[in-house]
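Below you will find the structure I want to go over with you.
Residue numbers count from 1 along this sequence. Order of appearance sets the numbers: ligands from 1, and atoms from 1 within every ligand.
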Amino acid sequence: MKVIRNIKELRAEIGQHRSMASGPVGLVPTMGFLHEGHESLIKRAREMTGTVVLSIFVNPIQFGPGEDFETYPRDEGRDLSVAEANGVDIVFIPGVQEMYPQPTKTKVTVSELTSLLCGASRPGHFDGVTTVVNKLFNIVNPDYAFFGMKDAQQVAVIEQMVQDLNMDVTIVPCPIVRETDGLALSSRNVYLSAEERKQALVLSKSLKEATRQLAQEEVATAGEVRNLLVKIISDAPLARIDYAEVLTFPQLQPIEPDTRLADTGKDCILALAVYFGRTRLIDNTLFQMKEGIPHV
Ligand code: PAF
């Protein structure tokens with residue numbers, strides 16, 4: 001496994017892999033502090049591509065003022081062991097100077113999809129994400145790029161960017177990975193106190209319960225599903241809901257409260273963001289419409 005911190009060197013190394021015709025190039029973009037969710041992305045990339053590039057870069061421009069850029073957890077040594085153990089070929093770990101030698105005057109903005117959910121709570125966040133992902137695509141020129149569905153809105157936004165700008169890359173969304181008790185894996189879970197960690201289970205519990213209820217005809221409207229999510233999350237005294245929404249996916253269109261999910265004719269997402277203290281956790285469940293019935 002090669003560890004590269006410099007764009008020029010990275011391009012040369014990837015060029016060598018391409019000249020050896022070692023198959024498609026896969027990019028797994030991350031901000032490090034790797035967990036099993038990231039490992040699942042790397043494993044998928046390993047299955048689908050000949051050269052796996054893992055990028056580790058805590059991207060300052062996707063953090064707002066007062067957010068956790070400075071304190072975002074970092075552990076390069078451990079990340080490199082995880083990468084090596086999962087068969088990564090090249091780890092790209094640029095410094096901020098390498099990625100932004102001067103303040104960027106060019107930003108990539110995806111409209112509409114970024115004005116709600118996390119985009120509403122974190123203004124400018126998605127511009128930072130699409131700008132850095134665009135840069136990484138230009139640097140690596142991957143055939144495939146792998147993203148976790150825990151950040152479902154991010155996947156929808158990046159897919160839109162790729163389509164709108166005719167980028168020659170296939171986005172591969174990968175399923176959410178959870179702890180055995182249901183908590184979705186996130187690098188930010190380390191911020192939780194023991195009590196917050198315990199109460200954070202209301203996210204996955206509410207999604208699971210809504211899924212169960214959705215199978216029953218009478219509790220199948222968007223409003224009822226949303227109320228159920230809010231009710232279960234509110235059982236946790238430390239939880240402060242940022243949003244609990246039921247939307248079409250990937251269009252992220254609101255669904256009228258009295259509309260049955262099945263009647264939208266579209267795939268739908270139940271999306272949550274909940275604060276525990278200063279830690280903001282997100283989670284979601286996607287329903288795919290099959291024969292008019294929503295399936296998880
Ligand atoms: O999902 C993340 O970790 C980040 O948003 C990404 C895609 C690596 C861009 O910085």
Side-chain angles (χ1 to χ4, degrees), residues 5 7 10 26-42 44-45 52-64 67-76 78-79 82-83 86 88 90-96 98-100 104 106-110 113-114 117-119 121-140 142 144-162 165 167 169-177 184-191 250 271 273 279-284:
R5 295 174 197 275
I7 294 168
L10 178 69
L27 171 66
V28 182
T30 78
M31 299 205 299
F33 212 67
L34 304 179
H35 51 63
E36 282 171 48
H38 299 114
E39 286 186 69
S40 75
L41 304 181
I42 299 170
R44 190 85 186 97
V52 177
V53 181
L54 172 78
S55 66
I56 299 178
F57 179 60
V58 185
N59 173 36
I61 69 165
Q62 71 185 73
F63 290 79
E67 289 191 351
D68 57 346
F69 172 67
E70 313 294 342
T71 54
Y72 193 85
R74 294 159 167 91
D75 189 343
E76 188 180 304
R78 204 184 141 273
D79 286 349
V82 172
N86 284 280
V88 168
I90 304 169
V91 186
F92 177 49
I93 316 188
V96 173
E98 185 67 11
M99 288 297 278
Y100 301 109
T104 182
T106 308
K107 282 200 177 151
V108 180
T109 300
V110 173
L113 296 181
T114 56
L117 304 180
C118 293
S121 317
R122 305 182 66 190
H125 166 70
F126 283 114
D127 284 1
V129 170
T130 41
T131 301
V132 83
V133 169
N134 199 334
K135 281 164 76 75
L136 289 166
F137 286 176
N138 286 337
I139 293 166
V140 174
Y144 296 92
F146 299 81
F147 294 88
M149 274 300 286
K150 187 170 80 66
D151 297 297
Q153 186 178 14
Q154 174 169 277
V155 171
V157 167
I158 290 171
E159 275 280 16
Q160 183 76 41
M161 171 183 80
V162 165
L165 299 181
M167 294 178 165
V169 55
T170 301
I171 303 303
V172 184
C174 300
I176 297 176
V177 179
L185 293 188
S186 161
S187 304
R188 290 191 169 98
N189 289 349
V190 293
Y191 296 149
T279 309
R280 185 172 168 283
L281 301 179
I282 57 172
D283 201 349
N284 70 79

Point to revise | Donor-acceptor side-chain pairing of Y100 and N59 below 3.5 angstrom | key: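 Yes.
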
Practice item. Could you tell me whether E76 and R5 have a side-chain N and a carboxylate O separated by less than 4.0 Å? Key: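 Salt bridge flag = yes for R5 with E76.
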
Exercise for review: Give the numbers and elements of all ligand 1 atoms closer than 4.0 Å to a heavy atom of V132.
Suggested key: 9 (C), 10 (O)

Practice item. Do me a favour and list the nearest non-hydrogen protein atom to atom 2 (C) of ligand 1 with residue, atom name and distance? Key: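 The closest one turns out to be Q154 NE2, 3.9 Å.
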
**Study point:** Distance-minimising heavy-atom pair for I56 and P94
**Key:**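 Smallest heavy-atom distance, with atoms named: O-CD, 3.5 Å.
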
Point to revise | Sidechain N-carboxylate O distance under 4.0 Å for D68, R188 | key: yes

Exercise for review: Search all heavy atoms of N284 against all heavy atoms of M149 and return the closest pair with its distance.
Suggested key: ND2-O, 2.9 Å

Review point. Under 4.0 Å from any heavy atom of Q62, which atoms of ligand 1 are there?
Key: 4 (C), 5 (O), 9 (C), 10 (O)

Revision key, fill the gap. re atom 3 (O) of ligand 1, the protein heavy-atom contact at minimum distance is M31 CG, 3.6 Å

Review point. Under 4.0 Å from any heavy atom of T30, which atoms of ligand 1 are there?
Key: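 Those qualifying, in numeric order: 8 (C).
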
